[in-house]
Amino acid sequence: MARIVGAITTSHIPAIGKAIARNLHEDPYWKPFFDGYPPVHRWLAQVQPDVAVVFYNDHGLNFFLDRMPTFAIGAAPEYRNADEGWGIPTVPPLPGDQPLSWHLIERLVGEEFDLTTCQEMLVDHALTIPMALLWPGSGAWPVRTVPICINTVQHPLPSAMRCYKLGQAVGRAIEAYPEDLRVVVIGTGGLSHQLDGERAGFINKAFDVEFMQRLAGDPLWAARYSIAELVELTGTQGIELLMWLAARGALGGEAATVHSNYHIPISNTAAGLMLMERRAA
Amino acid sequence: MARIVGAITTSHIPAIGKAIARNLHEDPYWKPFFDGYPPVHRWLAQVQPDVAVVFYNDHGLNFFLDRMPTFAIGAAPEYRNADEGWGIPTVPPLPGDQPLSWHLIERLVGEEFDLTTCQEMLVDHALTIPMALLWPGSGAWPVRTVPICINTVQHPLPSAMRCYKLGQAVGRAIEAYPEDLRVVVIGTGGLSHQLDGERAGFINKAFDVEFMQRLAGDPLWAARYSIAELVELTGTQGIELLMWLAARGALGGEAATVHSNYHIPISNTAAGLMLMERRAA
Amino acid sequence: MLPPLRDIPGTTLFDGVQAMKGYALNKMCYSFNSAANREEFKRDEDAYCARYGLTAEQRDAVRRRNVLALLAAGGNVYYLAKLAGILGLDVQDLGAQQTGTTKEAFKARLVAAGG
Amino acid sequence: MLPPLRDIPGTTLFDGVQAMKGYALNKMCYSFNSAANREEFKRDEDAYCARYGLTAEQRDAVRRRNVLALLAAGGNVYYLAKLAGILGLDVQDLGAQQTGTTKEAFKARLVAAGG
Ligand SMILES: [Fe+3]
Ligand SMILES: [Fe+3]
């Protein structure tokens, strides 16, 4: 049976891609950010996941307003990124896991999640940057990927509770998969930031810190907020913490934080990183 | 406040479009089918709906497998049809009702329906043929339309119960709309037929008749079947009765059949028509 | 993957297994919504099929105009209908071919279902 | 339509009201995922905006490179980011412009948020 080895949540700021390309890991601006990742690299080297199930949000690459899904899931043999408008570097195609995708789709639709299924799908920096952060220097990715996209573009967004429940259902579905797989669950985005409006530049360290402190042990604390409340607390793009809630939901049951990092600012954003494992309280 | 004046369910067989174009209403093959509609025309002339909310299924015009939504809803200023591969006649654009669309989207996403929202959307014969049947000879449509598309192309399909619940939520949302509108709810497709496989030509009159007899008074009778059971009972395309269940769900509460018609065959299909109103049992 | 929930004689539900098999074929058929693409297919069927990367089995099924073979190769009935349109086959032609009978006999069976 | 659930200062949620206003503008910006389209926009901005049917307000906001005006005209930040890319503006430029300060002051505010 498949087993969830842990959950990783990380920011996905586009500027990180350029910093990786220019090898700025020791640059004073970037060092406090990149220094968060080696413990996660060591953990990944130890647990050796076969598959990454990644909750992320598309930023206007694969989806436009003519067909904007609340929840979309990939069921493609591989996933490519592409120019997002500012010539982002392309990465090697990420291999998919179609049988696992279809297993998840069967289970989730059976649990009344109204998915949009994507047998071909471009993935943007919100997926590729976390992958590059977690498996640096990969010419060939050591994991297969199943992307799950949550709408943050067009309001109404799914509620935080709905995203958390989606994650829980994904977790149950993974654990019901008959193949002997080690699965890492990833949530990308956040933490607090706002790009648009007179409130641009908004960052809320106090909220982020409490959110990270509570996520493993008390995920419902954040899941109970409304979308409008979360936008007020974390900014229009800080709402990407929905991905963190979904990943935490997928981890299921009781969990503990193994490692975390938090640094302000990267670009306009409060950058966060967490590694959680299942654990009795 | 908006009010649901009734629900109409009807087959949407492509051949009907050609029969309308050729004016075959009195042709012996077509007469028993077309004769079902005048009572509905009289009812519509009397209730004068402002808006039609239409549950239908796309047949590979607007949606492909790269982005296949379980539930999609239009939020466009107008809806056009287009060539579906066999040069179907185009109809005048159907005017939309964007404020109502967004109201429904807000409510439904709030009730944990994970919609795909479509601010531009081609609609196929499953929407245009019922409209042409209900408002014949319309150069200009006398109603605005909000299309809601349910996946019947890619299994897993949403369960019959999920479609019924979607309908119920749509009904609640319509009744909560502050504008003074008369809304007719429409479900298109079915009844029993199968186009593909060695079982092509399958029709199940006994089931259809019982389904129609029970739909108004006991919709849960059909909603409790699984998708696989319904395919076995009604054929691979007979599953389009999901649209009838959604429309019945939207009508809500207690309902009664005002008019119905059933005729075998039109093309490969058992053609059905029902008009239901809210009514105490 | 989950096993099919139920075996229905003469019927294959278009689920993930079929979808994985049929993607190239279905993508080609979806392109036939455009009249220009239909013309191009008619002009050079081989080149058109090659461009969409059809498997040998799919290419063969298209060549033979064989609906059951197209379905077995992962074809989805909603997209195959557009190919049938090009070939000038209506749904009674398709039904007769799949059930191994004549169009007249197939139509008679439909009428009989109303009896 | 539902009234906005909550008023957040300096913030407009991109809901149905904004979406209806901004469709043409956002569709144009979505096209900028393609480098060829970006070049075409640069070559003849007027023609490109006209082809997408921008309203006068949207056209004016594009001409002025004014982010707050683009948002007020229904622009969605995710699509506007692609226009910003063409104009050579990074997210600190956008932040400084929207908050009426210099880029250096805006960046200093970000750093201060970590204090
Ligand atoms: Fe982001
Ligand atoms: Fe149909």
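In what follows, chains carry the letters A, B, and so on, assigned in the order in which the sequence lines appear, proteins first and then strands, with residues in each chain numbered from 1.
- Listed for the N76(C) side chain is a donor-acceptor partner under 3.5 Å among the backbone atoms of V153(B).
- Contact between G197(B) and Q98(C) at its shortest, heavy atoms only, is N-OE1, 2.5 Å.
- Across E84(B) and K82(C), no two heavy atoms sit closer than the pair O-NZ, 2.9 Å.
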### Query
Does the pair F106(C) and N268(B) meet the rule for a side chain to side chain contact (heavy atoms under 4.5 Å, CB included), with working shown?
CA-CA 9 Å; F106(C) 183 78; N268(B) 290 16; 3.6 Å; yes
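- Contact annotation for V67(C): neither backbone nor side-chain heavy atoms come within less than 4.5 Å of a heavy atom of chain B.
- Looking only at heavy-atom pairs under 4.5 Å with chain C, the residue among T269(B), T152(B), L157(B) that has the most is T152(B).
- In this structure, F64(B) and Y30(C) have parallel ring planes: the angle between them is below the 30° cut-off, well short of the 60° mark.
- Between D83(B) and R38(C) there is a salt bridge, since a side-chain N of the basic residue sits under 4.0 Å from a carboxylate O of the acidic one.
- For the pair E198(B) (side chain) and G100(C) (backbone), a donor-acceptor distance under 3.5 Å is absent.
- Residues G16(C) and Q154(B) share a closest heavy-atom pair of N-NE2, 3.8 Å.
- Taking OG1 of T11(C) as the reference point, atom CD of Q194(B) lies at 4.0 Å (rounded to 0.5 Å).
- Two residues are said to be in side-chain contact when any heavy atoms from C-beta on lie closer than 4.5 Å; T99(C) and F202(B) fail this criterion.
- A distance of 13.0 Å separates CG of D15(C) from CD1 of I227(B), quoted to the nearest 0.5 Å.
- Here W86(B) contributes atom CH2 and L83(C) contributes atom CG; the two are 13.5 Å apart, rounded to the nearest 0.5 Å.
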### Message
With side chain to side chain contact (heavy atoms under 4.5 Å, CB included) as the criterion, how do V111(C) and Y29(B) come out once you've worked through the C-alpha distance, each side chain's angles and the decisive distance to 0.1 Å?
### Response
CA-CA 11 Å; V111(C) 172; Y29(B) 181 87; 5.9 Å; no
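- Between Y78(C) and Q237(B) the shortest side-chain heavy-atom distance falls below 4.5 Å.
- For K107(C), no part sits under 4.5 Å from any heavy atom of chain B, backbone or side chain.
- Although no hydrogens or angles enter the test, the distance criterion places no donor-acceptor pair under 3.5 Å between the side chain of D196(B) and the main chain of V77(C).
- Contact annotation for Y79(C): only side-chain heavy atoms (C-beta onward) come within less than 4.5 Å of a heavy atom of chain B.
- Between chain B and the options V91(C), L70(C), T12(C), heavy-atom pairs under 4.5 Å are most frequent for V91(C).
- Scanning both residues, G95(C) and A200(B), for their nearest heavy atoms gives CA-CB, 4.1 Å.
- Of the two parts of L110(C), the backbone and the side chain both hold a non-hydrogen atom closer than 4.5 Å to a non-hydrogen atom of chain B.
- Heavy atoms closer than 4.5 Å to chain C are found nowhere in D208(B), neither backbone nor side chain.
- Looking at N57(B), the atoms closer than 4.5 Å to chain C (heavy atoms on both sides) all sit in the side chain, from C-beta outward.
- When the candidates A19(C), A113(C), G85(C) are compared by the number of heavy-atom contacts under 4.5 Å with chain B, A113(C) comes out ahead.
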